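For reference, the structure is listed below as structure tokens.
These numbers were taken from a predicted model, which means no experiment stands behind them. All residue numbers in this chain count up from 1 along the given sequence.
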Amino acid sequence: MQKVRHSTSKLHRADLTAADRETAELKAQFRREDDELRAQGRGDEIVSRNRRLLGIRAGAKGRLVGVGGKLFL
């Protein structure tokens with residue numbers, strides 16, 4: 001029973017449409033860029049970009065936010 005449930009979940013997460021595949025590729029590209037910036041010691045740029053994308057003004061105080069294991073602020 002466990003294997004059937006696991007397989008069903010895996011199918012639901014599969015990239016079945018072109019839009020899903022494109023979205024997955026863009027996410028992977030952003031992750032690679034983030035990893036490169038971290039390796040160069042430029043993690044501040046990641047934080048500032050993520051704050052901007054979330055609509056948080058520069059210099060505004062915020063709380064630590066995490067989604068899917070990634071920290072944004």
Side-chain angles (χ1 to χ4, degrees):
M1 192 64 173
Q2 186 71 16
K3 286 186 177 184
V4 172
R5 204 174 305 149
H6 177 72
S7 298
T8 306
S9 297
K10 216 172 181 181
L11 279 174
H12 286 295
R13 286 191 301 264
D15 301 328
L16 301 175
T17 66
D20 290 337
R21 287 191 297 274
E22 183 179 346
T23 300
E25 181 55 38
L26 284 172
K27 285 181 180 181
Q29 177 185 345
F30 285 131
R31 284 188 192 105
R32 285 191 300 272
E33 290 172 2
D34 286 353
D35 290 342
E36 287 179 29
L37 288 173
R38 273 191 210 96
Q40 296 172 7
R42 296 167 46 193
D44 315 353
E45 294 177 30
I46 299 169
V47 173
S48 63
R49 182 192 67 212
N50 289 339
R51 288 177 63 98
R52 182 177 37 85
L53 291 173
L54 287 170
I56 301 171
R57 293 184 324 233
K61 291 186 180 180
R63 299 171 76 183
L64 186 63
V65 177
V67 176
K70 297 286 183 178
L71 298 178
F72 293 112
L73 304 176

Exercise for review: Would you please test Arg32 and Asp35 for salt bridge (charged side-chain N to carboxylate O under 4.0 Å, His left out) and show each step?
Suggested key: CA-CA 5 Å; Arg32 285 191 300 272; Asp35 290 342; over 6 Å; no

Check your understanding: Which residues satisfy the side-chain hydrogen bond (donor to acceptor under 3.5 Å, both in side chains) test with Glu36, sequence neighbours excluded?
Key -> none

Review point. Looking at CD1 of Ile46 and CZ of Phe30, how far apart are the two atoms once the value is rounded to the nearest 0.5 Å?
Key: 12.5 Å

Practice item. Would you kindly say whether Asp20 and Thr23 are connected by a side-chain donor-acceptor distance under 3.5 Å? Key: no

Study note, to complete from the structure: Sorted by chain and number, sequence neighbours left out, side-chain hydrogen bond (donor to acceptor under 3.5 Å, both in side chains) with Glu22 holds for none

Check your understanding: Glu25 and Gln29: side-chain donor and acceptor closer than 3.5 Å?
Key -> no

Exercise for review: Output yes when Asp34 and Arg31 qualify as a salt bridge under the 4.0 Å nitrogen-oxygen rule, no when they do not.
Suggested key: no

Check your understanding: Residues in side-chain hydrogen bond (donor to acceptor under 3.5 Å, both in side chains) with Arg42, at least two apart?
Key -> Gln40, Glu45

